[in-house]
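Along the sequence shown, residues carry numbers from 1.
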Amino acid sequence: MKLVLLVAVLLIGGRAAAAQQEAAPAADAPGIVRKTLRGTLAQVTLDDGDEHWTLLSESDGSLQPFARGVRPPKKDKDGNDITAGSVVGLSCPTDSTGSCTYVSSSDTTLLAGGATPSAATNKVSQRNLIINIDYSACGSNYSATHNESSLRTLYLGAAGDGTGGHSLRFEQCSYGGLTFNATAFTVVTVQPNCSSLILVNCSYSTISNGADAAAKAILGSTVFATFTHYTYILPPGFEGICGWSGLALLPGKQTWLQTSSYGVSRWATVMQESLHNYGPWHSWLGTAEYNDYSTSMGRGNACPNAAELSYMKWASPVTGGSALNASLLPLGQAVTFNLPATYLTGTGNFLRVVPDWIPNYAYNVYIAVRANKVGDSSLGNGYANRINMHYLNATLDNQLWNGNTNLRYTDRKITVLNTAQVNNTVDLPAYSMVVYGGAWVGTDIMRMYICRYSASAAECPALSVLEARPSPPPSPSLPPSPSPPSPSPPSPSPPPRNPPAPPSPSPPSPPPPSPPKTTGGGSTKNKGRRMLRAGQQ
Ligand SMILES: *[C@@H]1O[C@H](CO)[C@@H](O)[C@H](O)[C@H]1NC(C)=O
Ligand SMILES: *[C@@H]1O[C@H](CO)[C@@H](O)[C@H](O)[C@H]1NC(C)=O
Ligand SMILES: *[C@@H]1O[C@H](CO)[C@@H](O)[C@H](O)[C@H]1NC(C)=O
Ligand SMILES: *[C@@H]1O[C@H](CO)[C@@H](O)[C@H](O)[C@H]1NC(C)=O
Ligand SMILES: *[C@@H]1O[C@H](CO)[C@@H](O)[C@H](O)[C@H]1NC(C)=O
Ligand SMILES: *[C@@H]1O[C@H](CO)[C@@H](O)[C@H](O)[C@H]1NC(C)=O
Ligand SMILES: *[C@@H]1O[C@H](CO)[C@@H](O)[C@H](O)[C@H]1NC(C)=O
Ligand SMILES: *[C@@H]1O[C@H](CO)[C@@H](O)[C@H](O)[C@H]1NC(C)=O
């Protein structure tokens, strides 16, 4: 039946609108069961090379997955954009498991757009329901090893009040923007039925729908509905079946975690899944998804990188650094900024470069200083105590920055570009731009420079010249150094294009975060305050 439908679609696929009109009768061919659904579209972060889409049913809160690789149409029957986060009504033909095998434009109606309340905001207190799944029904070796108290301790710390555990990392990394409400926080252990879809296929929707039903039976539907976020803890043995440590809806309010050292026990995995619910995808190194070790959205035991902090509205750019373009970066002249390490404050902690001097530029660049303290205490050596640079899809980034949230759930593909230490010059030829690490001007506050050129880095000043300049407002009268000895060619050996090898994937368990530092010089307002709220850009 599925084949008949596919052939019909392929045959008429060439004639856009007409084809979609004609697809419906084909789908209604005898034997094909159609299903009508209404709810919110989301992607599922299964990284197996296919897109996975699901619909969160408005009527009963169940997940209705589309078959592997099946995606919703780009437009509904009236030409409205359909994206992740859209609330839609649709009808579709289904396979033997009830999953949509095709969704046509003519059978889809947009009910509400993608710019939904589930979007990132700068202040969220989650009310978490942790559903601890005991799959004894799948075999005695699939019973749960976590319980109410072990999960509460993991999430909220030994005191169970949010002053420790994963909760503290969320608070630190978000500057207080994303917290868990310890009063509302609830763990319920359920014993759902088993099936081969669970034990063989690790069907995320079969798992969550069954767990939800079991949790409602215990808590009551009314109480169940008071939570804002739902997390499914799978018992030991499922990591091998599922092939993932954590999973999330994007956007959404559901996450799945394994009972394993890289699953629910690891704060950065919990953070990655929780943040997916708000829209960030994974962070990359080169062509390797996940391989950015400077962020929990990659493989780092670290807070999100600047591009992600900005997306979450937890951090704002340095004054004057929100969109560094050709008019703000005069050719061959270095512009100076003092950047506080991101752990210090969310207020004014990054630069956003919009390289509009490059014809048809495809990528914007985010620049921030990272240091291995507080939330970033386990940040690896390749990224700590240096400038971190990331590039991402400029079209999507500019849209979002300019207030167009239509494609906010599309992957901007944040990718490591390079790093720079103090007293270090990095030429970025693809951007006709030089980034310089200057000196520390306060505790974890770095003076840095940025200079664009037209043909070569030789047009930009040498770092030694820049560092010899008297710094404008602060520093006590340094005698201006006599003019540089030579016309200063750019450093002949630019640093490697690729950042240093990331740290080993399994570092020792992080030391407890140090208390907020209130020391430090420099000119940044609010320095040393870790709970500071990010200002809106
Ligand atoms: C809960 O689980 C932890 C760790 O698995 C265990 O040490 C503890 O004894 C359990 N507590 C109860 C009440 O079962
Ligand atoms: C946390 O949850 C409690 C209990 O539901 C509620 O009274 C309180 O207002 C919540 N606090 C926040 C900050 O949302
Ligand atoms: C488990 O399956 C049995 C038999 O099919 C059914 O009666 C029961 O309601 C199911 N339990 C749950 C929690 O779904
Ligand atoms: C479940 O997994 C089995 C074995 O890999 C496969 O043959 C089957 O098609 C899968 N079923 C579904 C519904 O994906
Ligand atoms: C659980 O037991 C089944 C059947 O004995 C076995 O096939 C499976 O590998 C076991 N799983 C684990 C995680 O030990
Ligand atoms: C460059 O950025 C400034 C400040 O954001 C803005 O006013 C200006 O329009 C931009 N220039 C161009 C060419 O977009
Ligand atoms: C950026 O995203 C847009 C919209 O999804 C896409 O069309 C474009 O190809 C992407 N650019 C790059 C360089 O991947
Ligand atoms: C900065 O680097 C240059 C050349 O790499 C070196 O000569 C100089 O001593 C360094 N300065 C400091 C303060 O480390």
Side-chain angles (χ1 to χ4, degrees), residues 1-13 16-17 19-114 116 195-198 200-210 212-213 247-254 256 409-410:
M1 300 310 174
K2 193 168 150 189
L3 272 181
V4 172
L5 168 71
L6 280 176
V7 169
V9 170
L10 286 174
L11 286 178
I12 58 180
Q20 279 152 351
Q21 292 298 334
E22 289 165 45
D28 284 328
I32 292 184
V33 178
R34 290 186 74 88
K35 181 153 148 178
T36 299
L37 297 169
R38 200 181 147 104
T40 307
L41 290 169
Q43 283 189 259
V44 190
T45 61
L46 279 161
D47 297 295
D48 56 4
D50 268 329
E51 283 187 31
H52 291 262
W53 287 79
T54 192
L55 182 141
L56 177 68
S57 167
E58 196 174 81
S59 58
D60 63 357
S62 67
L63 288 182
Q64 304 287 335
F66 294 0
R68 188 184 176 114
V70 173
R71 49 161 304 142
K74 289 207 158 41
K75 304 270 185 193
D76 80 348
K77 63 179 171 40
D78 303 315
N80 300 307
D81 288 336
I82 301 292
T83 63
S86 294
V87 180
V88 297
L90 61 82
S91 94
C92 66
T94 58
D95 64 16
S96 60
T97 63
S99 296
C100 292
T101 53
Y102 178 71
V103 186
S104 81
S105 190
S106 55
D107 290 326
T108 305
T109 308
L110 180 73
L111 303 171
T116 59
S195 70
S196 69
L197 274 179
I198 291 169
V200 177
N201 300 81
C202 182
S203 159
Y204 66 89
S205 57
T206 308
I207 291 168
S208 62
N209 291 343
D212 284 353
L247 191 69
L249 292 192
L250 192 159
K253 54 187 181 177
Q254 289 161 283
W256 293 250
Y409 299 124
T410 304

Q. Can Ser203 and Asn201 be said to form a side chain to side chain donor-acceptor pair (under 3.5 Å), step by step?
A. CA-CA 5 Å; Ser203 159; Asn201 300 81; over 6 Å; no
(Q) side chain to side chain contact (heavy atoms under 4.5 Å, CB included) for Leu37 and Lys35? Distances and angles first, verdict last. (A) CA-CA 6 Å; Leu37 297 169; Lys35 181 153 148 178; 3.8 Å; yes
(Q) Any non-hydrogen side-chain atom of Leu90 less than 4.5 Å from a side-chain atom of Phe66? (A) yes
Q | Minimum side-chain heavy-atom gap Tyr409-Leu41 below 4.5 Å | A | no
(Q) Less than 4.5 Å apart, side chain to side chain, heavy atoms only: is that true for Val44 and Leu249? (A) yes
Q. Does the Asp76 side chain pair with the main chain of Asp78, one donor and one acceptor, at a distance under 3.5 Å?
A. yes
Q. Sub-3.5 Å donor-acceptor pair from the side chain of Ser86 to the main-chain atoms of Ile82, do we have one?
A. no
**Q.** side-chain hydrogen bond (donor to acceptor under 3.5 Å, both in side chains) partners for Glu51, two or more places apart
**A.** Trp53, Arg71
**Q.** Working for side chain to side chain donor-acceptor pair (under 3.5 Å), residues Ser62 and Gln64
**A.** CA-CA 6 Å; Ser62 67; Gln64 304 287 335; 2.9 Å; yes
Q | Leu46 vs Leu247 side-chain heavy atoms within contact, under 4.5 Å | A | yes
(Q) Any heavy-atom pair between the side chains of Leu56 and Leu63 that's under 4.5 Å? (A) yes
Q. Do you know which two heavy atoms are closest between Thr109 and Lys77, and how far apart they sit?
A. OG1-CE, 3.3 Å
Q | Matching residue for Asn80 among Leu110, Val88, Leu111 - test: side-chain contact (heavy atoms from CB on, under 4.5 Å) | A | Leu110
Q: Over all heavy atoms of both residues, which pair between Cys202 and Ile207 is shortest? Give the atoms and the distance, please.
A: SG-CD1, 4.1 Å
Q.
Ser59: which residues meet the side-chain hydrogen bond (donor to acceptor under 3.5 Å, both in side chains) condition with it, sequence neighbours left out?
A. Ser57
(Q) On a heavy-atom basis, which atom in Thr108 and which in Pro73 lie closest, and how many Å separate them? (A) OG1-CG, 3.6 Å
Q: State, to 0.1 Å, how close Ser99 and Ala67 come at their nearest heavy-atom pair, and which atoms those are.
A: CB-N, 3.6 Å
(Q) Could you work out, with side-chain hydrogen bond (donor to acceptor under 3.5 Å, both in side chains) as the rule, every residue matching Asp48, not counting sequence neighbours? (A) His52, Arg68
Q: Not counting sequence neighbours, list each pair that qualifies as a disulfide bond (SG atoms under 2.5 Å apart) and has a residue in residues 54-95.
A: Cys92-Cys100
Q: Could you tell me which non-hydrogen atom of Ser91 sits nearest to which non-hydrogen atom of Thr36, and how far apart they are?
A: CB-OG1, 3.8 Å
**Q.** Sequence-distant partners of Tyr204, ring-ring contact (aromatic ring centres under 6.0 Å, His included), two or more places apart
**A.** Trp256
(Q) So, using side-chain hydrogen bond (donor to acceptor under 3.5 Å, both in side chains) as the criterion, who are the partners of Gln254 when residues are at least two apart? (A) Tyr232
Q) Are Lys75 and Asp81 ion-paired here, with the side-chain N under 4.0 Å from a carboxylate O? A) yes
